[in-house]
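Worksheet: one structure, shown below.
Keep in mind the model is a prediction, meaning the values are calculated, not measured.
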Amino acid sequence: MHSRLRRRVWALVAMGALGGPAWAADPSGIWLTETGSSRVRIAPCGGGFCGTIVSAPGKGLDVKNPDPALQNRSVVGVQILDARQPDGTGFSGSLYNPNDGKTYSGSLKLTGPNTLEVAGCVMSVFCKRQTWTRVK
């Protein structure tokens, strides 16, 4: 009798866990940045997620990169987000900003099925956040 009850309880727990919103755990897809100027593909990597620019405005060159050898490369194809550490509400890691050529501590967190909050921080105190919108 106890084993049957235990199985029912576990079945209800599993249904609750699986019956939650599918977007809660997986930010994979193409995202439009807050400015609407670039698109970033988020994909699983190393237990978390990485993001690579798939489209950028104009020539889209990495002119602010601190490495002079990389300043003439296109930002399309550049991995700008490496968030492999689960942190409870999302994932944390690093974020490269081609607009200033700097790499920040970064994080990503789904805030809805089609919205993603991306943050880049200096000294884990001064953070700039953007809301990206899912394209597909």
Side-chain angles (χ1 to χ4, degrees):
M1 183 67 119
H2 288 302
S3 64
R4 188 179 305 165
L5 178 60
R6 191 176 305 145
R7 276 185 269 167
R8 285 185 185 169
V9 169
W10 281 113
L12 289 171
V13 169
M15 284 173 37
L18 298 175
W23 55 265
D26 192 357
S28 297
I30 306 290
W31 296 85
L32 186 64
T33 61
E34 188 170 273
T35 61
S37 60
S38 298
R39 292 175 187 228
V40 177
R41 172 178 286 116
I42 305 287
C45 74
F49 294 90
C50 293
T52 303
I53 297 176
V54 294
S55 71
K59 292 182 180 180
L61 298 179
D62 199 6
V63 296
K64 301 282 185 164
N65 194 301
D67 181 346
L70 299 176
Q71 292 175 351
N72 287 324
R73 74 174 176 175
S74 171
V75 294
V76 173
V78 172
Q79 180 180 312
I80 61 165
L81 178 68
D82 188 334
R84 299 175 191 222
Q85 299 298 318
D87 65 13
T89 60
F91 293 85
S92 59
S94 62
L95 178 68
Y96 173 66
N97 181 357
N99 292 326
D100 65 11
K102 295 181 181 174
T103 300
Y104 300 92
S105 61
S107 65
L108 65 86
K109 173 176 68 171
L110 275 169
T111 55
N114 296 310
T115 55
L116 179 70
E117 181 182 88
V118 178
C121 303
V122 175
M123 299 183 330
S124 300
V125 177
F126 304 105
C127 299
K128 181 173 181 180
R129 301 183 192 296
Q130 283 193 357
T131 299
W132 293 0
T133 305
R134 188 185 300 269
V135 177
K136 60 179 178 179

G51 backbone acceptor or donor facing Q79 side chain under 3.5 Å: no

Same apolar cluster: L32 and V40, side chain cutoff 4.5 Å: no

Starting from V54, can I reach V135 by hopping between I/L/V/M/F/W/Y residues whose side chains sit under 4.5 Å apart? yes

Side chain to side chain donor-acceptor pair (under 3.5 Å) against S28, all qualifying residues, sequence neighbours excluded: D26

Excluding sequence neighbours, so at least two apart, what forms side chain to side chain contact (heavy atoms under 4.5 Å, CB included) with [X]?
X: P86; value: F91
X: S38; value: T33, A56, P57
X: N99; value: N97
X: K64; value: none

Going by the salt bridge (Lys or Arg N to Asp or Glu O under 4.0 Å) test, which pairs reach into residues 49-61, not counting sequence neighbours? none

Applying salt bridge (Lys or Arg N to Asp or Glu O under 4.0 Å), which residue pairs with at least one partner in residues 81-94 are found, sequence neighbours left out? D82-R84

Side-chain heavy atoms of V78 within contact of T52, under 4.5 Å: no

R39 versus I53: any side-chain heavy-atom pair under 4.5 Å? no

Tell me the closest heavy-atom pair linking [X] and [Y], and the distance in Å.
X: E117; Y: T111; answer: CB-CG2, 4.0 Å
X: P27; Y: F49; answer: CD-CZ, 3.3 Å
X: T115; Y: L110; answer: O-CD2, 3.5 Å
X: S94; Y: T103; answer: CB-CG2, 4.0 Å

Y96-D100 side chain donor-acceptor pair, cut-off 3.5 Å: no

So CD1 of I42 and CZ of R134: to nearest 0.5 Å the spacing works out to 9.5 Å

When rounded to the nearest 0.5 angstrom, what distance separates CZ in R41 from CG in L81? 14.0 Å

So which of T35, L116, L108 actually passes side-chain contact (heavy atoms from CB on, under 4.5 Å) with W132? L116

Qualifying disulfide (SG to SG under 2.5 Å) pairs with a residue from [range], counting only residues at least two apart or across chains:
range: residues 55-136; answer: C121-C127
range: residues 57-101; answer: none
range: residues 30-67; answer: C45-C50
range: residues 65-105; answer: none

Anything under 3.5 Å between a donor and an acceptor, one on a side chain of residues 66-76, the other on a protein residue two or more places apart or in another chain? List them.
{"residue": "D67", "atom": "OD1", "partner": "A69", "partner atom": "N", "Å": "2.9"}
{"residue": "Q71", "atom": "NE2", "partner": "N65", "partner atom": "O", "Å": "2.7"}
{"residue": "R73", "atom": "NE", "partner": "D62", "partner atom": "OD2", "Å": "3.0"}
{"residue": "R73", "atom": "NH2", "partner": "D62", "partner atom": "OD2", "Å": "2.9"}
{"residue": "S74", "atom": "OG", "partner": "V76", "partner atom": "N", "Å": "3.1"}

Could you check V118 against K128 for side chain to side chain contact (heavy atoms under 4.5 Å, CB included), going step by step and ending with a plain yes or no? CA-CA 8 Å; V118 178; K128 181 173 181 180; over 6 Å; no

